[in-house]
Amino acid sequence: MHELSEILDKLNESQRGAVTHTNGPVMIIAGPGSGKTRVLTFRIAYLIKNNVDAFRIMALTFTNKSSAEMRERIAHIVGSEARNLYMGTFHSVFARILRAEAHRLGYPNNFTIYDPDDCKSLIKSIVKEEGLNDKLYKPATVFYRISSAKNSLIDAKMYAQNVDLVSDDESSGRPKIAELYQKYQDRCFKSGAMDFDDLLLKMYELLTKFPDVLYKLQNRFTHLLIDEFQDTNMAQYKIVKLLAAQHENICVVGDDAQSIYAFRGATIENILNFERDYPDMKVFKLEQNYRSTEHIVTAANSIIKQNKNQLAKEIWTDLKGGEKIKVYKCASDTDEARIVADSIFDQKMRQHLMHSEFAILYRTNAQSRSFEEALRKLNIPYKIYGGLSFYQRKEVKDFISYLRVVVNPNDEEALKRIINYPVRGIGNTSIDRLIVAANEQDKPLWHIVEHPELMDDTQARAKTLIKNFSMMIKSFRAMLPSKNAYEIAEYIGKQTGLIDDLFKDKTVEGISRFENIQELLNGIKEYTVGEQPEYEEDEVKPENDLAAYLQQISLLTDMDDSKDENKEKVKMMTIHAAKGLEFASVFVVGLEENLFPSIMAMNSREDLEEERRLFYVAVTRSKRFLTLSYALTRYKFGQLNYCDQSRFIDEIAEENKIFYGQKEKAKPEQTSFFGDDENSKWYLSKTYQKKSELPKSTPTITSTPITNEAPKNLTKIKTAANASASISSDLRELQTGMKVKHEKFNEGKVVSVEGANDNKIASIYFDGVGVKKIMLKFAKLQILE
DNA sequence: GATATGTTTTTTTTT
DNA sequence: AAAACATATC
């Protein structure tokens with residue numbers, strides 16, 4: 001345990017002020033790498049050490065991961081008291097409060113949380129039931145409208161009365177959205193379900209409709225802290241303001257330059273609102289960057305300077321010198337991936353970095369695929385974050401749906417998923433009839449499933465099957481009072497035959513599905529034996545830990561994965577997901593006009609500035625090495641597109657960057673494909689690549705930086721020569737695990753063999769040398785055993 | 001009602 | 001290029 005004075009000595013002046021000024025409203029403007037997390041953790045520890053009860057501190061963060069991390073660091077200073085902190089994401093903290101108070105709003109205490117897939121599926125069925133054009137009323141579009149409204153605290157009734165919103169919908173040809181919103185909300189209510197946005201909207205409703213609840217919470221939480229304040233939306237701000245009204249010990253931490261969630265309703269206006277609402281607030285600016293070297297910090301400043309809308313702030317660093325930013329021009333998306341993978345391989349060796357110190361950051365999730373392939377070819381371990389989380393995989397979600405129905409049988413979306421999974425003869429026709437009956441009688445779907453006799457014109461056979469299904473669910477529900485989450489889940493898996501079915505499937509995907517369910521069950525088991533959250537006397541404890549488990553996992557994202565097996569891997573994620581993280585070496589890829597900045601953001605200055613802030617966030621993730629790359633051609637929807645270099649590259653000063661490849665902007669359309677100018681070689685190299693699966697390894701990329709000289713490119717290596725060479729007959733049989741002798745590296749063991757025919761490449765481990773990639777057609781290799 | 005086959009759409013970012 | 005979706009066939 002550390003002493004406070006010792007801690008405070010390690011802080012700079014503004015950091016210290018931000019930690020110790022604990023009375024009244026405080027705004028901390030924290031540039032990237034300025035020790036923000038440190039300040040937040042120390043501030044909370046400082047409060048606890050000054051006799052503030054941890055139960056009375058609410059700290060709201062953006063991700064579960066950052067709150068878990070902070071809690072751990074606080075525990076390191078103050079000990080076990082830290083576990084009593086009310087700390088987590090807005091959504092998880094509010095879900096916990098709502099669970100205790102849900103009955104006041106007419107929701108069950110064990111309400112379900114619908115994920116966006118559930119929401120869209122529900123919208124889809126409502127659109128269908130209403131007989132509306134599903135090309136016009138796309139689930140994603142309708143959902144977005146509803147979600148945006150909720151984030152501005154506009155409920156269905158207010159929406160219908162809001163002239164602006166309704167006329168927007170009319171002019172886009174979707175006049176029925178207000179109606180759909182109401183129907184959607186009713187259906188969620190009947191299902192005992194809230195979506196993510198409801199966790200905010202209903203929380204606000206709770207506080208404004210029930211003064212006693214507000215009073216209780218206001219008095220309880222004497223200190224509030226909000227992280228990533230620039231990414232909060234209006235609903236979040238209003239709730240926080242209500243909660244803080246009694247004591248006004250509210251501390252917000254943020255950086256307007258890193259605001260990247262406006263598309264989700266976040267608004268920098270909250271920073272202005274805060275200044276207006278708390279005129280006596282104290283501001284601390286953290287501008288010293290402890291993370292990145294000089295070139296990176298200088299580049300970041302010159303990027304953000306291009307934005308008109310920003311608070312004046314300049315970050316600076318003591319870490320002088322360092323490497324310049326590398327910019328790679330690549331022939332195609334696959335080339336880009338290969339060059340990045342090669343660079344990682346090379347940089348890891350030269351700079352003695354670990355795989356975990358590398359990150360590949362991109363604008364869209366779809367870009368991950370090519371990097372995945374390239375890294376796999378070089379045997380570089382990687383982990384992709386984002387995309388769909390473990391709990392969203394089909395087989396996992398199907399299984400979880402059983403658990404959801406057991407806890408809350410009114411959960412319509414979960415019920416629809418499992419009613420005929422595994423196949424039990426309740427087909428689409430029956431399901432549609434069930435839904436119609438439920439709507440006609442204004443009852444939850446489950447009510448009809450329980451009493452299929454309430455349906456007319458349905459075959460007796462179907463009714464029997466439905467009855468059997470409901471009996472089975474009831475038998476599972478009967479276990480709730482006496483069995484724990486794991487026992488119930490295991491029993492369901494066996495009883496439904498789900499586990500047997502998956503076990504029998506011996507295809508590659510089938511095995512992975514089986515493993516996923518095993519992993520899910522392990523996770524549930526871990527949860528039941530693990531540390532349970534503490535409950536205050538006035539909180540409602542869940543009837544069964546299964547309900548608490550479901551609520552927890554429904555708010556987990558792929559970012560929250562903390563498995564040890566992922567500790568030693570190259571990380572790949574969108575820039576949005578990288579917020580708050582740092583890496584020794586960062587690759588920002590796909591820097592092309594219409595991709596980054598996104599084509600969707602080209603319409604307004606505001607959107608473009610948000611893209612630029614995103615670029616600022618990307619650049620400032622890097623501690624020492626920053627590499628930018630772009631491709632001249634890229635496949636989109638399976639179609640080849642020509643791309644231009646992103647304007648963002650030009651916003652970094654020449655003295656901070658080094659180009660690899662041609663410096664001038666390329667205009668591919670003007671260059672003959674078969675011409676012999678330098679440009680065409682990029683395409684040629686790509687053509688060769690495709691035709692014969694030519695070598696992936698590029699020798700020592702870092703060797704010759706190209707500045708203004710005649711461009712030499714990195715991929716025009718070994719083309720013609722390669723075509724003719726062939727592998728000696730005994731080497732064709734080379735297998736993983738064989739021992740070989742190399743004329744230079746001596747004895748080694750084959751780690752893997754890749755490629756086909758004459759283009760095989762072996763990764764071989766040589767003692768004292770490490771793993772080398774060797775092309776068999778050129779290598780003088782001798783097989784020993 | 002379940003399965004095989006052809007057609008259309010998708011990509012911005014996420015708690 | 002892949003997934004979701006719609007239609008035809010058993």
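Quick note: numbers below take in every heavy atom, side chains included, and nothing from hydrogens, waters or symmetry partners. Just so it is clear: chains get the letters A, B, ... in the order the sequence lines come, proteins before strands, and each one is counted from 1. The structure displayed is predicted, hence computed values, not measured ones.
Nucleotide dT7(C) has dA4(B) as its partner under the Watson-Crick or G-U criteria, with both atom distances under 3.5 Å. With a cut-off of 3.5 Å on both Watson-Crick or G-U wobble distances, the partner of dT13(B) is given as none.
OP1 or OP2 of dT14(B) lies within a sub-4.0 Å distance of a side-chain N or O belonging to Thr574(A). Regarding contacts with the backbone of dA2(B), every side-chain N or O of Asn428(A) stays at 4.0 angstrom or more from both OP1 and OP2. Distances shown here put a side-chain N or O of Asn365(A) below 4.0 Å from the OP1 or OP2 atom of dT13(B). For Ser598(A), no side-chain nitrogen or oxygen approaches OP1 or OP2 of dT11(B) to under 4.0 Å. Considering only side-chain N and O atoms, Lys138(A) lies under 4.0 angstrom from the phosphate OP1 or OP2 of dT10(B). Listed pair Lys135(A) / dT8(B) fails the phosphate criterion, with no side-chain N or O lying under 4.0 Å from OP1 or OP2.
Checked against dT11(B), dG1(B), dT14(B), the side chain of Ala366(A) finds its nearest nucleotide in dT11(B). For His576(A), whose side chain is taken as the heavy atoms from C-beta onward, the closest listed nucleotide among dA6(C), dT15(B), dT13(B) is dT13(B). Between dT13(B), dA2(B), dA2(C), one nucleotide has an atom nearer to the side chain of Arg369(A) than all others, and that is dA2(C).
Ring centers of His91(A) and Phe62(A): at least 6.0 Å apart, outside the cut-off. Aromatic pair Phe229(A)/Phe274(A): centroids less than 6.0 angstrom apart.
Within the 4.0 angstrom heavy-atom criterion, no nucleotide atom of any strand lies near Gly386(A). The residue Ser92(A) sits apart from the nucleic acid: no heavy atom pair falls under 4.0 Å. Within the 4.0 angstrom heavy-atom criterion, no nucleotide atom of any strand lies near Phe90(A). Within the nucleic acid shown, Asn420(A) comes within 4.0 Å of sugar-phosphate atoms alone, with no base atom in reach, counting heavy atoms only.
Of the listed residues (Gln258(A), Arg264(A), Lys579(A)), just one forms a side chain to side chain contact (heavy atoms under 4.5 Å, CB included) with Asp231(A), and that residue is Lys579(A).
Straight-line distance from the CG atom of Leu608(A) to the P atom of dT13(B): 18 Å, rounded to whole Å. Taking atom CD of Glu373(A) as the reference point, atom P of dA1(C) lies 12 Å away to the nearest angstrom. Straight-line distance from the CG atom of Asp117(A) to the P atom of dA4(C): 10 Å, rounded to whole Å. Atom pair Lys394(A):NZ and dA3(C):C1' shows a separation of 14 Å (rounding to whole Å applied). In this structure, the CZ atom of Phe263(A) is 4 Å from the C1' atom of dT13(B), given to the nearest Å. Lys120(A) places its NZ atom 12 Å from the P atom of dT14(B), with the value rounded to the nearest Å. Rounded to an integer number of Å, the gap from Tyr635(A) OH to dA1(C) P is 7 Å. Here dT11(B) presents its P atom at 20 Å from CZ of Phe596(A), a figure rounded to the nearest Å.
A distance-only check finds no donor-acceptor pair linking the side chain of Arg612(A) to the backbone of Phe648(A) [under 3.5 Å]. Without hydrogens or angle criteria, Thr620(A) side chain to Tyr616(A) main chain gives a donor-acceptor distance under 3.5 Å.
With centres under 5.5 Å and a plane angle under 30° as the test, the ring of Phe637(A) is not stacked against the base of dT9(B).
Heavy-atom nearest nucleotides on DNA chain B were determined for Gly427(A) and for Leu614(A), and the one closer to the 5' end corresponds to Gly427(A). Remark on DNA chain B: of its neighbouring residues Met600(A) and Asn64(A), the 5'-side contact belongs to Met600(A), judged by nearest-heavy-atom nucleotide.
Counting non-hydrogen atoms of other residues, nucleotides and ligands closer than 6.0 Å to CZ of Arg369(A) gives a total of 12 or fewer.
Remark: the separation of the P atoms in dA6(C) and dT11(B) is 16 Å, to the nearest Å.
For the pair Lys383(A) and Tyr385(A), the cation-pi test (distance below 6.0 Å, angle within 45°) is passed.
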